[in-house]
Amino acid sequence: MIFQMIKKQYLQFLRNPVEIVLLIGLPIILITILGNALGNLIDGGEIDLTFKLAIIEHEDEEIQVENFLTELENGDLPDEIIAAFAAVTDSLAPVEMFKEVLRSEELNDMIIVEEAHAREMDAIKADDSYAAILEFPENFSADLLENILLDEKMNPEAIIHYKAGSEIAGNIVEQIVAMYQEEFTLGTFLGNNGIDPQQLQQKGAEITQEVSSVSPHEPLSAKAYYTIGMIVMNVLFMATTIAQYAFRERQSHIFNRMIIADFSRWVYFIGILLTALIFAWIQAILVFIFAYFAFDVTWPDLTAFLVITFFFTLAVGGLAVLLTAISFRSNSEQIISFFSGVVVTIFAFLGGSFFPSGTGSFLGKLGDYTPNGAAMSAYLSILRGESITDNADHLIFIACFAIGAIIIGVISYPKRGAAS
Amino acid sequence: MLELIDITKKYKQTKAVKNMNMYIEKGEIVGLLGPNGAGKSTAISILSSLLEPTSGDVKFRNKSMIKNPKSLRQIIGIVPQEIALYEDLSAEENMKFFGRIYRLKGEKLKNKISEVLEQIGLADRRKDVVKTFSGGMKRRLNIGVAMLHDPEILIMDEPTVGIDPQSRNYILQTVKRLNKERQMTVLYTSHYMEEVEYLCDRIYIMDKGNLIASGTKDEIKQILASENTIYLKADYWNESFITKLQEKPQIHQMKVEGNEIVLVVSKDVAIFSKLAHLAEETSVQLRAVDVKQVTLEDVFLHLTGRALRD
Ligand SMILES: Nc1ncnc2c1ncn2[C@@H]1O[C@H](COP(=O)(O)OP(=O)(O)OP(=O)(O)O)[C@@H](O)[C@H]1O
Ligand SMILES: [Mg+2]
């Protein structure tokens with residue numbers, strides 16, 4: 001009986017090539033487009049995040065530090081404090097130290113630092129090979145030292161110029177500056193309190209490590225990312241497609257024939273569930289196979305991959321049951337078109353199909369509470385070489401979603417088919 | 001064998017069926033007649049266990065079918081008013097699917113499909129997708145699908161709507177043959193009087209949710225036994241002729257249709273001379289005066305004051 005339902009759906013797909021193109025061709029097209037267009041955003045290694053940063057100092061730092069010390073001597077501070085400061089002059093060069101951080105091993109494959117003169121500002125702004133400009137205004141170092149060591153109010157700011165289209169580079173520089181500033185302040189403070197100035201250097205190294213983890217450093221290609229993103233999104237359309245076929249089946253009174261044949265509603269539900277599951281599975285696998293050959297998306301752990309696919313398509317089956325039941329009850333297709341038109345997009349957005357929302361972020365967490373988002377997280381984690389057990393929480397969520405959808409579907413199912 | 005007992009069905013605003021009683025005996029062809037919206041489809045949906053009535057009972061072999069319609073479902077075949085077929089499947093694939101849901105299989109199903117396709121005259125189109133069928137062919141397949149499991153009772157909801165006269169005759173003859181050869185019981189719903197007159201032994205007439213008449217063809221026509229239907233023809237009518245006709249107490253019903261007037265009059269009144277007289281008086285040139293056999297159409301007109309297909 002259930003086999004008949006699956007078979008008739010297969011025949012219907014076979015005779016509607018447009019439907020097949022939408023379900024299988026569309027994700028392939030989207031993967032290609034998004035993988036190429038947005039690749040730069042997420043590819044750590046291959047397509048590069050390497051960018052050129054120009055640093056412009058308006059005043060020589062050494063002179064500033066000297067001036068600062070002279071000012072101190074002329075001031076009314078006790079002599080021993082002045083002597084202590086003079087002793088650590090070397091570590092009192094914040095800009096120089098910052099440049100060293102940038103040139104450190106961790107950052108130098110990402111950022112190419114070029115020092116430039118203030119005169120060249122306009123030329124650099126016009127030069128597209130620079131992604132960002134970091135500008136230290138006049139008297140920056142002296143002001144910073146005064147601010148830190150003498151608690152003077154003045155808080156000088158380095159200016160970061162973003163280039164259009166290089167917001168990410170600008171962002172990274174900004175984060176490095178912010179982190180460095182914090183650490184420098186702390187380091188100077190420690191040195192000030194008689195702690196080995198060597199500490200400062202070590203701090204610097206630590207900063208750079210943290211900075212490098214800010215950059216997206218996943219061994220994932222953009223095409224792999226979007227293969228998963230588009231598959232988990234587009235497979236949701238299988239649920240709406242199957243629900244739509246079921247609704248039309250009822251509209252055309254075919255469903256009444258089934259009732260008269262004493263076709264139990266449980267059998268019907270299981271039929272819908274399995275039909276959606278099987279075709280969603282075929283849809284996903286076909287696109288994955290395509291991605292394997294075309295984009296070289298390979299799975300380190302095939303069993304884990306198949307398990308995730310099974311769970312996800314089970315959730316799709318549950319969704320199909322739910323949508324079918326609600327459309328039968330409300331006697332309208334609205335819920336189905338609302339789901340395929342609006343909900344899928346929201347789910348895809350939250351689930352990270354369009355861009356990585358970051359695992360720690362609020363959006364990322366929310367996304368894990370959509371079936372597609374949870375499946376996507378699980379797939380990504382497997383691709384990165386993690387194991388299926390690391391993804392138990394995602395799988396449990398997906399299973400709960402599937403069961404919940406089926407139960408709500410069964411509850412909201414109308415008692416007897418309307419005749420009209 | 002199968003009865004509706006005091007059935008009422010309310011939709012939100014409308015009462016589609018009101019206190020309806022009806023029965024079908026084995027081997028009968030019963031007609032259910034009524035204009036659009038009369039409640040025919042609602043009544044047969046209840047009869048076939050698709051729809052629960054608001055009140056009343058459905059009995060099959062004296063057992064209520066409201067809660068447990070299983071025994072009924074096994075022996076009825078339904079021809080819905082709509083084409084209830086998969087348009088993307090071929091005739092044969094449709095039959096296979098519906099045959100399988102009736103748990104037929106293997107050789108038996110195969111033979112049955114061939115037999116039914118032969119009966120409905122679609123054997124040579126069995127491999128074609130339903131989408132490519134004409135309206136009449138779809139109708140025939142719609143009927144064929146309902147006969148795969150050899151139902152004892154076939155319930156047909158306006159099976160001939162919108163098809164050419166040939167297909168229509170073919171369907172009517174098939175129904176009659178099935179009834180004769182296999183004693184198949186048929187409930188035939190229509191708003192075509194001729195069909196029901198041709199096919200049915202007993203007839204129910206519905207209007208606006210009410211059963212307004214029931215009985216054998218002759219019994220129903222007896223309703224008009226004391227009356228005659230007279231057709232008048234002229235090139236044109238004038239105002240005063242019509243007004244004066246309406247004033248005559250012997251004329252119970254009258255309907256003007258272009259250059260024809262249909263009158264229902266008491267039988268033993270010497271109406272002809274009066275009509276001739278009136279025509280002369282108002283200078284209307286009568287072309288023809290005709291007295292017709294009573295038809296179900298007349299009965300309907302008599303009972304409701306409306307023609308069936310108004
Ligand atoms: N599902 C429904 N919801 C609300 N009203 C309905 C529904 N189905 C039928 N009706 C109403 O019930 C009445 C009877 O409808 P029904 O379909 O039984 O008439 P019918 O005699 O079969 O007409 P037709 O010859 O047009 O098929 C109509 O007024 C119709 O509008
Ligand atoms: Mg009807």
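All values below come from the heavy atoms of this structure, side chains included, with hydrogens, waters and symmetry mates left out. Owing to the predicted nature of the structure, the values given are computational and were not obtained by experimental measurement. Residue numbering restarts at 1 for every chain, and letters A, B, ... go by the order of the sequence lines.
Summarising the local packing, CD of E115(B) is surrounded by more than 12 heavy atoms from other residues, nucleotides or ligands at distances under 6.0 Å. Within a 6.0 Å radius of NZ in K131(B), other residues, nucleotides and ligands contribute more than 12 heavy atoms. Heavy-atom neighbours of K26(B) NZ from other residues, nucleotides or ligands within 6.0 Å: above the threshold of 12. When the shell of 6.0 Å around NZ of K110(B) is examined, it contains 12 or fewer heavy atoms from other residues, nucleotides or ligands. Summarising the local packing, NZ of K96(B) is surrounded by 12 or fewer heavy atoms from other residues, nucleotides or ligands at distances under 6.0 Å.
In this structure, chain A has heavy atoms under 4.5 Å from both the backbone and the side chain of N142(B). Of the two parts of A16(B), neither the backbone nor the side chain holds a non-hydrogen atom closer than 4.5 Å to a non-hydrogen atom of chain A. With a threshold of 4.5 angstrom between heavy atoms, I76(B) approaches chain A through its backbone and through its side chain. Contact of E249(A) with chain B is made through the side chain alone, with heavy-atom distances under 4.5 Å. Proximity to chain A involves both the backbone and the side chain of L85(B), based on heavy atoms less than 4.5 angstrom apart.
What you find for S49(B) and I260(A) is that their closest heavy atoms are OG-CD1, 4.4 Å. Minimum heavy-atom separation, K8(A) to F97(B): CD-CE1, 3.9 Å. Closest of all the heavy-atom pairs between Q12(A) and Y86(B) is NE2-CD2, 3.3 Å.
Residues D88(B) and F13(A) are not in side-chain contact: their nearest non-hydrogen atoms beyond the backbone lie 4.5 Å or more apart.
Panel note: side chain R257(A), backbone A84(B); a donor-acceptor pair is recorded below 3.5 Å. In terms of modelled atom types and a separation under 3.5 Å, the side chain of R73(B) and the main chain of D262(A) share no donor-acceptor contact.
Rounded to the nearest 0.5 angstrom, M1(A) CE and R103(B) CZ are separated by 4.5 Å. Rounding to the nearest 0.5 Å gives a distance of 9.5 Å between CD1 of I101(B) and CD1 of I254(A).
For R15(A) and E93(B), the salt-bridge test passes: some basic side-chain N is under 4.0 Å from an acidic carboxylate O.
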